[in-house]
2 protein chains.
Amino acid sequence: MTSIRLLIVDNHTLFRQGLVSLLQSEPGYEVIGEASSGEEALHMVPELDPDVVLMDVKMPGIGGVEATRRLTEANPQARVLMLTVSEEEENLFAAIQAGARGYLLKNADAGELLDAIQRVHAGEAMLSPIMTLRLLQVLQSGGIPAPLSELPLTSREQDVFQLLAQGASNRQIAETLTITENTVKTHVRNILEKLELHSRSEVAAYARRLSPTPWSP
Amino acid sequence: MTSIRLLIVDNHTLFRQGLVSLLQSEPGYEVIGEASSGEEALHMVPELDPDVVLMDVKMPGIGGVEATRRLTEANPQARVLMLTVSEEEENLFAAIQAGARGYLLKNADAGELLDAIQRVHAGEAMLSPIMTLRLLQVLQSGGIPAPLSELPLTSREQDVFQLLAQGASNRQIAETLTITENTVKTHVRNILEKLELHSRSEVAAYARRLSPTPWSP
DNA sequence: AGATTATTCACCCGAATGGGTGAGATTTGG
DNA sequence: CCAAATCTCACCCATTCGGGTGAATAATCT
C-alpha cells in the first residue's frame, strides 16, 4: 500500500508547515510539495503529479478557486480538497463548480482531515458538516418558500406546484408523491385554474417570477 | 448530558432490531420507538417527539421520502436522517427536498452512523461520501449550467428558447416569430436535444436556474 | 349532523407535444 | 466554389397534456 502523495497550497507558511508536520507523522501520507500561491501550484502539479491537493481558498494572486478550476481541467487525476476558514456559501459553490472534491473548514481536527483525504483519494467526496448543511438548505429552498404560502393552493397542490416548477412530468410527480397519474392530473388542472394559467410550462415560468434560483436536476 | 432520543423507521424487522441493539449498547443514544411504515412513523413522531428519526427510503405504502416531507413539515424539530441502500440520485434529491438532514447508506459502519446521528442532532448535516460526490457532480454539470451566451444554441434557437422559458406554446411562438408551427417544433426538438432535456417544462425550469429573473409578460 | 373542502382515483376526448424523416433555400466558412 | 450549418416547412406517429364529468373517502367547519 503506497502512501497518498500530497501537495499543500497555502500562503500561510506556519499553517503549511504545521500541516506537513502533522501529515508526515502519520503513516500513509506523504507531502511531496508545498506551494504558497495559486500560480506556484499550477506549475508544480504537472511535475509532481500529486494524488490530492490541499488548497486554501484565500490567497493573493490567483485564488484557490481559480487555481482549482485550471488545475482540475489540466490534471483531472489530481483531486482537490479545499481547506479553508471560509464558511461563505459563494466560496463553497465556486469551489464545487471549479472541480473541488472536498471542502473542509480549518477548524476540523486531525482525524477529520485524514479521513477527508482518504475519502477524496478514494474518489469519494467530503464536505464539512456545516457546509453540507448549507448545501442542503440551498437545495431545499429551491422550491418556492415565501410567496407560495400566500397562493390560494392547498397543501397538496403546493407539493405538485413545486414539482411542476421543476419541469417534472405527470408520471414523475405521481412517483414522487406516490399517488396515481390521474390524481396528479386533477391537481394540475386545479392549479392551472386557480393561478389562471394554461399550461405546465407557464407554471414553471410563473414560479420563475416568484422566487430567485433553485436546485438542480 | 441527556441522551439523543431516536425513532427508527424501517420495514425490515431484523435490521431495525439490529440497529436498536447497536444503539442501546452505546451511551448517549436512546431508542424511544420503532415504526415499520411511513404511516406509523407519522403517528408516532408527534407523540414521542424524537430528536432524530432514522428513516428508510423504500417502504410499502408511504415511502420514506414522502413520510419525511410530511413529518418535517409538521414537526420541524425532529431531524431526519435517511438510512438506505439506495444510491440513486433521485432518492437523494427527493430526500433533501423533503427536508432530510442526512443521507447515509446502509453499508456505513457503526462509527459513521453514530457520528452522523451526532452531527444531525447538532443541527449539522451528513451525507455518505459517495452521495456527496453525486451531489457535487450534479452541481458541477447539470445543476449549474453555463450562461445563455455559451449555450450551444443557434441565434434562432435562442429566440425560441426565450419564449419557451416564458411558458409560450408552439402556436404563440410561431405567431411571435412569424414562422410556422412546424418550424417551431423543429427548433424545439433541436433545443431539447442540445440541452439534453425532455420537455418544454424542463426548459422553463432550466432557464429558471440560468438567470435569476428577467422579463415578465 | 350536515355542508364544505381536500384528496384520491377513473374514464373519456380533443389538442398539444416529442420524436423521426425528408427537403428546399440561404448563409457562412474553408 | 463547395461543404457545412442554419432556417424554413411538411407529414406522420405515439405519448402527453388540458379539460370535463363523476365519485368515494376523510377531514374540517358550521
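The structure presented is a predicted model; accordingly, all values stated were derived computationally and were not measured. Below, read A as the first sequence line, B as the second, and so on, with proteins coming before strands; counting in each chain starts at 1. In what follows, every heavy atom counts, from backbone to side chain, and hydrogens, waters and symmetry copies are set aside.
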> With Thr183(A), which residues qualify under side chain to side chain donor-acceptor pair (under 3.5 Å), at least two apart?
Thr180(A)
> Between dC11(D) atom C1' and Glu181(B) atom CD, what is the distance in whole Å?
14 Å
> Report the C-alpha separation of Leu113(B) and Leu83(B) in whole Å, then their side-chain angles, then the decisive distance to 0.1 Å, and conclude whether the side chain to side chain contact (heavy atoms under 4.5 Å, CB included) test is met.
CA-CA 9 Å; Leu113(B) 173 61; Leu83(B) 197 52; 4.2 Å; yes
> From CD of Glu157(A) over to C1' of dT8(C), roughly how many Å is that when rounded to an integer?
13 Å
> Measure from the side-chain N and O atoms of Asp51(B) to the backbone N and O of Arg5(B), and report whether any donor-acceptor pair falls under 3.5 Å.
yes
> Hey, what do you get for CG (Leu104(A)) to CD1 (Ile130(A)), rounding to the nearest 0.5 Å?
12.0 Å
> Quiz question: going by heavy-atom distance under 3.5 Å, is there a donor-acceptor pair between the base of dG18(C) and the side chain of Arg189(B)?
no
> Choose from dC9(D), dT17(C), dC9(C) the nucleotide whose nearest atom is closest to any side-chain atom of Thr183(B).
dC9(D)
> What is the distance, to the nearest angstrom, from the CZ atom on Arg156(B) to the C1' atom on dT8(D)?
10 Å
> dA16(C) P sits how many Å from Lys185(A) NZ, rounded?
15 Å
> Starting from the 5' end of DNA chain C, give me the residue, Ser201(B) or Thr186(B), whose nearest nucleotide shows up first.
Ser201(B)
> In whole Å, what is the span from the CG atom of Asn190(B) to the C1' atom of dG18(C)?
12 Å
> From the options dC9(C), dG18(D), dC17(D), select the nucleotide whose nearest atom is closest to the side chain of Thr180(A).
dC9(C)
> How long is the line joining CZ of Arg200(B) and P of dT15(D), in whole Å?
20 Å
> Let me spell it out: for each of Asn170(A) and Ile179(B), pick the nucleotide of DNA chain D with the closest heavy atom. Which residue's pick is nearer the 5' end?
Ile179(B)
> Rounding to a whole Å, what distance do you find between His187(B):NE2 and dG20(C):C1'?
17 Å
> Between P on dT25(D) and CG on Asn182(A), what's the gap in Å once rounded to a whole number?
17 Å
